[in-house]
Amino acid sequence: MNDDEQAAGKRLSGARLWHKDAVIYQLHVKSFYDADGDGVGDFCGLTGKLDYIASLGVNTIWLLPFYPSPRRDDGYDISDYRDVSPEYGSIADFQAFVDAAHARQIRVIIELVVNHTSDEHPWFQRARRAPVGSPERDYYVWSDTDDKFSETRIIFVDTEKSNWSWDPVAQAYYWHRFYSHQPDLNYRNPDVVNELLVTMNFWLAKGVDGFRLDAIPHLVEREHTDNENLPETHALLKHVRANLEAKHPEVILLAEANLWQEEAREYFGDGDECHMAFHFPLMPRMFMALAKQSAKPIKTILRQTSSIPDDCQWAIFLRNHDELTLEMVTESERNFLWETYAADKRARLNLGIRRRLSPLMDQDRRRIELLHMLLFSLPGSPVLYYGDEIGMGDNIDLGDRDGVRTPMQWSDHQNAGFSTASPHKLALPIISDPQFSYAAINVADQQGDPHSLLNWMKQMLRLRRRHEAVSRGSLRFVKTDNECVLSYLRAFGDDIVLCAANLSETPQAVRLALPGLEGYVPVELCGGASFPAVGRENYPLTFQPYAYFWFAMRR
Ligand code: GLC
């Protein structure tokens, strides 16, 4: 067997277009479970918790960066693309994890931080000393002045003043779109493109099922542009995809392109770039809809989203490891969302809010459920951020985005059952604030409580799995006479699911226009009760505050 056949053998077979039915669980190895008691989570610990992950009903894991790194951007500053950080384990531990995940029919997506490296990466150390004009030097983007590319925005506005930094060794400025310790790679250099392909092959041989392409719009630079989404960047992605397609057609690329929907859509190409892309504009609009008690923000953004190539899929999310970004809203919407969800200014970071979902919702179970019901039924594959299934809190006193990356709360034992190390050795402190502490919020308690958020999540994901309409189906908004109610139909062949949600804090009544569904009986999914059949009149429903329905429509 050659390397590619071996790699294919390690991967899950069958299920073409598996990403369309993916339910993704995003986690940090560092913060999940510490098996060796050094205070830092590791691959052995994660492997030991796979049964838990499988029990949630997710079928894909997205791992945050686990590579050797000085960790000045929590691992997005990579110093070696082809190894595992020793704190997290070894390549053998990684392989054991992938194999164990596959044995449970769970796929694995890893991070490919393509745009930049750490300044400690040997490529950068070599480049700064290499002669000007040499291929080694040209791994990165250099300039004698710091005024080139002046139309390019700064992303980390709270920390960076320029996208150029002076390197005293190279005696030149180097280009960086993120932190100054993250020099951008130069994809005009074919050697760099080749390095990327070599890295991908390295992990493909271990059986990974997908790559999240970090910060993908910024790959290639050109004078007199804003250096985002250049045709050169799309050409590079087509090249990467063609290489992947030739040998591993079942492996997916997931684009992190924090852009308006039409620009993000370009990352699907004609079905020849990425298989998936995050829908960034939808995310803040779910929070907006709730705050405004109106279905409008969600309906408008999805109506403005054109259809995508057949084999592609959006990835949708409520929260992740970063700040809840408010880049894809207008300035007045941003101010409104900041006032609503981050009145305490310490919770604001760059153009966003560094909080977890449960604190954003004031721990209101009704609103947490409502948002997840939308996440699990709007078009796209949902991404669930570890800890949100139990309503974990955050710690805004920690720096940068660390407050939403604290250890998973497994039990009410010491260190939340995450580690046996002494508490001061932990990668990040456990949440101790009484409202959100591990004594109050942990997996063990919620597993034993049939009414817990955790068990609710499992039930919703179980129901979702039964209906391909929800993962693969079309979307049609239902006309209502009440703006507080968002209602839509998802349909795939004969499978029709009707969703309706009251975004308001007060009870509401609505009439739904359901043309073409006369005679159908809505069967409520959670409890199985049949509701009155749809007649010729618009269909009446009433709701408690923040209540929702999922119905299977039966003939
Ligand atoms: C992406 C990551 C973020 C990181 C940045 C720079 O946006 O999600 O965590 O800081 O890229 O690598």
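Order of listing sets the numbers, starting from 1, for every ligand and every atom in it. What you see is a predicted model, and the numbers here were worked out from it, not measured in a lab.
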For [X], counting its heavy atoms only, list the atoms of ligand 1 lying under 4.0 Å from any of them.
| X | value |
| --- | --- |
| R212 | 8 (O) |
| R401 | 3 (C), 4 (C), 9 (O), 10 (O) |
| F156 | 10 (O) |
| D322 | 2 (C), 3 (C), 7 (O), 8 (O), 9 (O) |
| E256 | 1 (C), 7 (O), 8 (O) |

- prompt: Can you say whether the rings of F43 and F66 are parallel (under 30°), tilted (30 to 60°) or perpendicular (over 60°)?
  reply: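 Answer is perpendicular, since the angle exceeds 60°.
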message: Check R82 with D80, please: is the shortest side-chain N to carboxylate O separation under 4.0 Å?
response: no
Pair E339 + R348, salt bridge at N-O below 4.0 Å: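 A salt bridge links E339 with R348.
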- request: Let me know which of D119, T117, D167 forms a side chain to side chain donor-acceptor pair (under 3.5 Å) with Y140.
  value: T117
Within 45° cone and under 6.0 Å: R126 NZ/CZ vs Y139 ring: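 The answer is yes, since R126 meets both limits relative to Y139.
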Distance to 0.1 Å, residue and atom name: give those for the protein heavy atom nearest to [atom].
| atom | value |
| --- | --- |
| atom 12 (O) of ligand 1 | H116 NE2, 2.8 Å |
| atom 11 (O) of ligand 1 | D214 OD1, 3.0 Å |
| atom 4 (C) of ligand 1 | D73 OD2, 3.4 Å |

field: N189 side chain to D138 backbone, donor-acceptor under 3.5 Å
entry: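 Judged by distance alone, yes, a pair lies under 3.5 Å.
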